[in-house]
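This report concerns only the one structure given below.
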Amino acid sequence: MRFTDVFIKRPVLAVSISFLIALLGMQAIFKMQVREYPEMTNTVVTVTTSYYGASADLVQGFITQPLEQAVAQADNIDYMTSQSVLGKSTITVNMKLNTDPNAALSDILAKTNSVRSQLPKESEDPTVTMSTGSTTAVLYIGFTSDELSSSQITDYLERVINPQLFTVNGVSKVDLYGGMKYALRIWLDPAKMAALRLTAVDVMGVLNANNYQSATGQAVGEFVLYNGSADTQVSNVEELKNLVISSDEGDVTRLSDIAKVTLEKSHDVYRASANGEEAVVAAINAAPSANPINIAADVLELLPQLEANLPSNIDMNIMYDSTIAINESINEVIKTIVEAAVIVLVVITIFLGSFRAVIIPIVTIPLSLIGVAMVMQAMGFSWNLMTLLAMVLAIGLVVDDAIVVLENVDRHIKLGESPFRAAIIGTREIAVPVISMTLTLGAVYAPIALMSGITGSLFKEFALTLAGAVFVSGIVALTLSPMMCSKMLKANEAPNKFEKTVHHYLDRMTNRYAAMLKAVMQHRPVILAFAVIVFASLPTYSSSSLANLHLPRIKG
């Protein structure tokens, strides 16, 4: 193919193409996101309904079942689980992979609202929440105090800390574990209530009547407009204690007469501890499209400012940072890339024998690995363990095309051609095989990207990155490598001692292989009979025998 001649005759064009590939690849390297795994949207929608005081069977029959039947009609549901316990119903809906989280939330919320009228009036409205990606938060930060209770710490975190954390780009929500909101709690005394002939229903009626919201309107005078308001709520413990429950002929029964009133946790179902102390743990969750590494870096940069403004009786400690494992994994893969590159270079040097010739395929490795970043950016990929693993495997593949071109050009030089003439003739001969090799390798790996499910989502970026690296290496092999061969290889150059030694051992290896192959071909019937015996002795399994196959159990 004659199109390769232009790159040999115009070396500036070949170098310019390689520089363009390197430039576009370098900008892509610094702009792409860094993640642990390829971006996948695992949407989980949770429907939680509280029915305080109701047994698990009652919650199951009157809350969980109607909600399950309604939610099951939503689209793109993979599977659904539910749990009914004392006073609470929880339905967890796992959506299909890469389902639009906002559409799933809207759909399930609409289905939930459609059966709200069928639920008991005493139950609270269902709460629909959505989470995507990993169930583990990016960061867990613990807050402890020797003087303040967990509810007091929670109150401070909600008012001061959470708004500042939400200013970090990519933070979707901050969950607080171990801390309960403040609430006015009433502990009824059954003996005193029985003596005064009062029931819990009577107390509830009074509480509801004193928690009444109403638009009282306006009073219009001739010159003045009066805005009306009705203060029907209690605002502290003393007001709640003095609430009148009943009156009989001047005898007034107040809430403090039949109950204990306190201001404390709304409930005490679970607690959190940090380093052996009762604590409130803030879990910082990332948005589906956010980069957890960037979020962790931004939050860690904000923490010194938060710690400086903390009250002196509150201590803050980072309990868990998920990005440490991500960074360590990525660093290990990068280390493996360097090791693989060194091994490939050593092997190339040993078998080519010429340090001058080794430079030509060596240039292909960084150009291909940098250039494939341009392809990755165009496809919306990120730097993750799968794409970096593809880089490791690509190191041994991207040098093949350049070595084939180099060997063919070197063959023509040894036949007496000048380096320029040998580069033109050799590249013409090898251009079609190089293109065929490139397309074949790309065709082998690319179909992996067509797989569906979690496997397809994980290995799509791996396969296309590997195919893209081979494609870029083919371009380099047909543009830059022939030009370098014409400039760097020398005609009639006496081989050095290292090259002579390498060729001596390779020639001996070739002669031994030729002798073994000749011996095998002279006894062809024996070899064929041996092959038939081997294949006949292979065990065969039917589907029924595989089903009845008992594997040993490993205890550990």
Side-chain angles (χ1 to χ4, degrees), residues 1-22 341-371 394-438 469-510:
M1 297 184 72
R2 298 181 179 272
F3 79 92
T4 57
D5 296 356
V6 66
F7 302 110
I8 302 172
K9 296 177 181 179
R10 293 176 173 82
V12 175
L13 176 61
V15 174
S16 299
I17 292 175
S18 298
F19 271 122
L20 179 62
I21 292 174
V342 171
I343 293 172
V344 168
L345 295 181
V346 170
V347 172
I348 293 174
T349 303
I350 291 175
F351 282 91
L352 289 181
S354 172
F355 293 104
R356 185 189 299 272
V358 166
I359 297 177
I360 298 172
I362 283 178
V363 173
T364 307
I365 296 178
L367 267 179
S368 300
L369 298 185
I370 293 174
I395 291 174
L397 300 176
V398 296
V399 296
D400 290 347
D401 295 337
I403 291 176
V404 169
V405 173
L406 170 65
E407 290 285 358
N408 199 46
V409 173
D410 184 65
R411 180 176 65 87
H412 282 281
I413 291 177
K414 291 179 179 178
L415 292 176
E417 299 287 350
S418 66
F420 182 81
R421 180 74 177 162
I424 289 186
I425 297 174
T427 309
R428 285 182 183 179
E429 292 176 347
I430 210 68
V432 173
V434 168
I435 294 174
S436 301
M437 288 171 55
T438 302
V470 173
F471 177 76
V472 175
S473 71
I475 296 176
V476 175
L478 294 177
T479 56
L480 185 64
S481 296
M483 185 275 295
M484 294 182 67
C485 289
S486 67
K487 299 295 182 182
M488 299 186 66
L489 298 183
K490 300 299 181 182
N492 303 320
E493 184 180 18
N496 56 35
K497 186 177 180 180
F498 176 75
E499 189 174 356
K500 288 180 180 179
T501 304
V502 169
H503 283 292
H504 173 69
Y505 283 106
L506 289 179
D507 291 340
R508 288 179 58 185
M509 188 183 301
T510 302

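Side chains of Leu397 and Ser473 form no contact here, defined as non-hydrogen atoms less than 4.5 Å apart.
Taking every heavy atom of both residues into account, Thr427 and Pro482 meet most closely at OG1-CB, 3.4 Å. For the pair Ala22 and Ile370, the tightest heavy-atom approach, listed with the atom from each and the gap, is O-CG2, 3.6 Å. Taking every heavy atom of both residues into account, Ala423 and Ser486 meet most closely at CB-CB, 3.7 Å. The two residues Ser418 and Ile413 come nearest to each other via the heavy atoms O-CG1, 4.5 Å. Here the closest heavy-atom approach between residue Thr438 and residue Gly474 is recorded as OG1-CA, 3.7 Å. Contact detail for Leu489 and Pro419: the closest heavy-atom pair is O-CG, 3.3 Å.
Legend: residues meeting side-chain contact (heavy atoms from CB on, under 4.5 Å) with Ile395, ordered by chain and number and at least two apart, are Ile337, Ala340, Ala341, Val344, Ile365, Leu369.
A side chain to side chain contact (heavy atoms under 4.5 Å, CB included) with Ile430 is found for exactly one of Ile425, Val404, Leu406, Val409, namely Val404.
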Would you tabulate the side-chain donor-acceptor contacts of residues 9-18 under 3.5 Å, counting partners in other chains and residues two or more places apart, or write 'none'?
from	atom 1	to	atom 2	distance (Å)
Ser16	OG	Val12	O	2.7
Ser18	OG	Ala14	O	3.2

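Taken to the nearest 0.5 Å, the CZ atom of Arg421 stands 13.0 Å off from the CG atom of Leu415. Note: Ile424 CD1 to Glu417 CD = 10.5 Å, rounded to the nearest 0.5 Å. Residue Met488 holds its CE atom at 3.5 Å from CD1 of Ile359, rounded to the nearest 0.5 Å. To the nearest 0.5 Å, atom OG1 of residue Thr4 and atom CG of residue Leu478 are 7.0 Å apart. Taking CG from Asp401 and CD1 from Ile435, the interatomic distance works out to 10.0 Å, rounded to the nearest 0.5 Å. How far CE of Met484 is from OG1 of Thr479: 11.0 Å, rounded to the nearest 0.5 Å.
Counting heavy-atom neighbours within 6.0 Å of Phe471 CZ, excluding the residue itself, gives a total of 12 or less.
Within the structure, side-chain hydrogen bond (donor to acceptor under 3.5 Å, both in side chains) contacts touching residues 403-413 (residues at least two apart or in different chains) are Asn408-Arg411, Asn408-Glu429, Asp410-Lys414, Arg411-Glu429, His412-Glu429.
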